[in-house]
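Note sheet for the following structure.
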There are 2 protein chains.
Amino acid sequence: MTERSQGDGTVAKALMVMDDVAGFGRPVRFSELLDRSPYPKATLYRFVQVLTKQGMLHFDPDRQTYAPGLRLVRLAHAAWQTSALAPIARRHIDALSDAVGETVHLAQLDGAQVLYVDKRNARHPIEMFSAAGKVGPAYCTGVGKAMLAFLPNDQLDHAIAQQSFHRFTPQTYTDAAALRAELAAIRERGFAYDREEHEPGIICIAHPILTRAGRVLGAMSVTSTTARENLAGLDRHLPMIRTAAEAIAAEAQDWRFPDAAE
Amino acid sequence: MTERSQGDGTVAKALMVMDDVAGFGRPVRFSELLDRSPYPKATLYRFVQVLTKQGMLHFDPDRQTYAPGLRLVRLAHAAWQTSALAPIARRHIDALSDAVGETVHLAQLDGAQVLYVDKRNARHPIEMFSAAGKVGPAYCTGVGKAMLAFLPNDQLDHAIAQQSFHRFTPQTYTDAAALRAELAAIRERGFAYDREEHEPGIICIAHPILTRAGRVLGAMSVTSTTARENLAGLDRHLPMIRTAAEAIAAEAQDWRFPDAAE
DNA sequence: AATCTAGTTTCATTATGTGAAACTTTGTTT
DNA sequence: AAACAAAGTTTCACATAATGAAACTAGATT
């Protein structure tokens, strides 16, 4: 399932169990968990007990199933609030989505993956946790490429090494060389497109959010469909998305990133 | 800060550190954390290292501060989605908030506290994590009392024992006896009011969400202000909130609570 | 240069986690 | 109803991992 790091401490192991439970996407029985777990029965059992007692897992006695617990939601609330990006970006995203009438995403880089931290959908009013917390591939999404393109070399190498390069559509970049060329173009241009690389019919324009020193804080995108728009059409939104991205960066910087030279 | 349970296992201790970091509500320095922590420097240091390496904490090298990490947001996403209540309730909450034009809350009981898991604000369109994950007192909120009132005796005793009974307003119930009387009235009536018990000027009507067997799944409320409404006015919304609560209960039950006799 | 504070590493000691196996409970088959 | 199987829980000798006092280093401050 996940890559297992051994002897990494008890805490790391317990968190791996959390990931496993979360990975099912539904309440799981102990035995199902055991099948996927590298730990022996008694060990896994103790972990699950401790995590449940701690509120990190919730045990449903009727069904005898475990699911991620409410303590996580409480902690995530703190994470979101404390985050230097999401709370600041909120009103800019509101404004942008109102102005362009399309779906707007805010994402951060979480290791080699894209993690969506906020979203506005012009039509359906709200998405809550169903949107925030979602992860996606970095190499074939607008926000992902926008962030990768402005990473320092060492971090970029590391991130690229971890991409899966699965071909989602005919347009997906499926090797590191092609991706690097695309990233160079993005760096040159200042923003990224998603040309149906992740989902057929879905296109977007994405802009990085950078500190003055050029450190990547996140990215935001405006998404549309090939049925309604083409890339040239999305360019209309460029001034607004750029303004928003810069405004967010400026606020975030003043607030919490006094930007020591790196 | 929090109650400390000793010898409760390494995982529990690590999670306590998480709570402490989250409790600050802002990025914290190691030394600030040390002041509040019962652990010696080296021990706390190791915890913070492990948690950071695991993505449960984020370390800002510029400021040398720790904040809750992105892995939490990812896990909370799973928790929210897997939860038996929030995803099901979503469209009902949408509909209810549209219909009544007031703020609607969805909450669950997390130990002795109320944990808000969703919210619709008629005016301001969205609140994201800023709303979900928030905790509040059970004894002086509509949703809190609506849930407490339908708890089995042993759980109720336990929950009441943990209430702080802080007097937020002149209307706040400040002792267990008064609260128990109010809960009896709520049980009788089938729903709860908040008569400015938590915040002056804020009133609400709240309805529990119960399985057929009477187990408490959560509660939902419609909130207004004394400037616009009074309790009698809120009663107008009763049929709709009751219908919504029952619909949510029915769906949740079919979906994941086949309701073994309790 | 001396002093202070915050952060990091070391290492002998001890507590804690580990997991094979035995056991109990629950549900299914004959 | 008895026999069986599968899932869940407890035990305990053993090994690993956590502990924390103290020593150390890096930056500030005087």
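Keep in mind that what you see is a predicted model, and the values were worked out from it rather than measured.
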Checklist line | For atom OH of A/Tyr39 and atom P of C/dT18, their distance in whole Å | finding: 8 Å
Margin query: I'd like to know if the side chain of A/His92 pairs up with that of A/Glu251 as donor and acceptor (distance under 3.5 Å, no hydrogens or angles considered).
Written below: yes
Check: Within a radius of less than 6.0 Å around NE2 of B/His166, do more than 12 heavy atoms belonging to other residues, nucleotides or ligands occur?
Finding: yes
Item checked: Spacing between A/Lys41 atom NZ and C/dT25 atom C1', to the nearest angstrom -> 12 Å
Next item on the list: Quickly work out the B/Glu32 CD to C/dG7 P distance and round it to whole Å.
Entry: 9 Å
Note to self: Nearest to the side chain of A/Thr10, heavy atoms from C-beta on, is which of C/dT9, D/dA7, D/dA18?
What the structure shows: D/dA18
Next item on the list: Rounded off to whole Å, could you give me the CZ-to-C1' distance for the A/Arg29 and D/dG8 pair?
Entry: 10 Å
Next item on the list: Calculate the interatomic distance between A/Tyr66 atom OH and D/dT9 atom P; express it in whole Å.
Entry: 6 Å
Check: Taking only side-chain nitrogens and oxygens of A/Arg46, does any of them come within less than 4.0 Å of OP1 or OP2 of D/dT10?
Finding: no
Notebook entry, point to check: Is any side-chain nitrogen or oxygen of B/Ser31 closer than 4.0 Å to OP1 or OP2 of C/dG7?
Noted result: yes
Check: Quick one: does B/Ser37's side chain have a donor or acceptor within less than 3.5 Å of a partner on B/Leu33's backbone?
Finding: no
Check: Over how many whole Å does the gap from A/Leu34 atom CG to D/dG8 atom P extend?
Finding: 9 Å
Item checked: Length of the line joining A/Gln64:CD and D/dA6:P, which is rounded to integer Å -> 17 Å
Notebook entry, point to check: Given C/dG7, C/dA20, D/dT9, which nucleotide is nearest the side-chain atoms of A/Phe30?
Noted result: D/dT9
Notebook entry, point to check: Counting side-chain heavy atoms from C-beta on, which of C/dT18, D/dG8, D/dT11 comes nearest to A/Ala42?
Noted result: D/dT11
Item checked: Donor-acceptor contact below 3.5 Å, side chain B/Arg187 vs main chain B/Phe150 -> no
Item checked: Closest to the A/Pro40 side chain, choosing from C/dA20, D/dA7, D/dG20 -> C/dA20
Notebook entry, point to check: How long is the line joining CD of B/Gln49 and P of C/dT8, in whole Å?
Noted result: 6 Å
Notebook entry, point to check: Is any side-chain heavy atom of B/Met56 closer than 4.5 Å to a side-chain heavy atom of A/Leu15?
Noted result: yes
Next item on the list: Give the nucleotide from the list D/dA7, C/dT18, C/dT8 with an atom nearest to the side chain of A/Phe47.
Entry: C/dT18
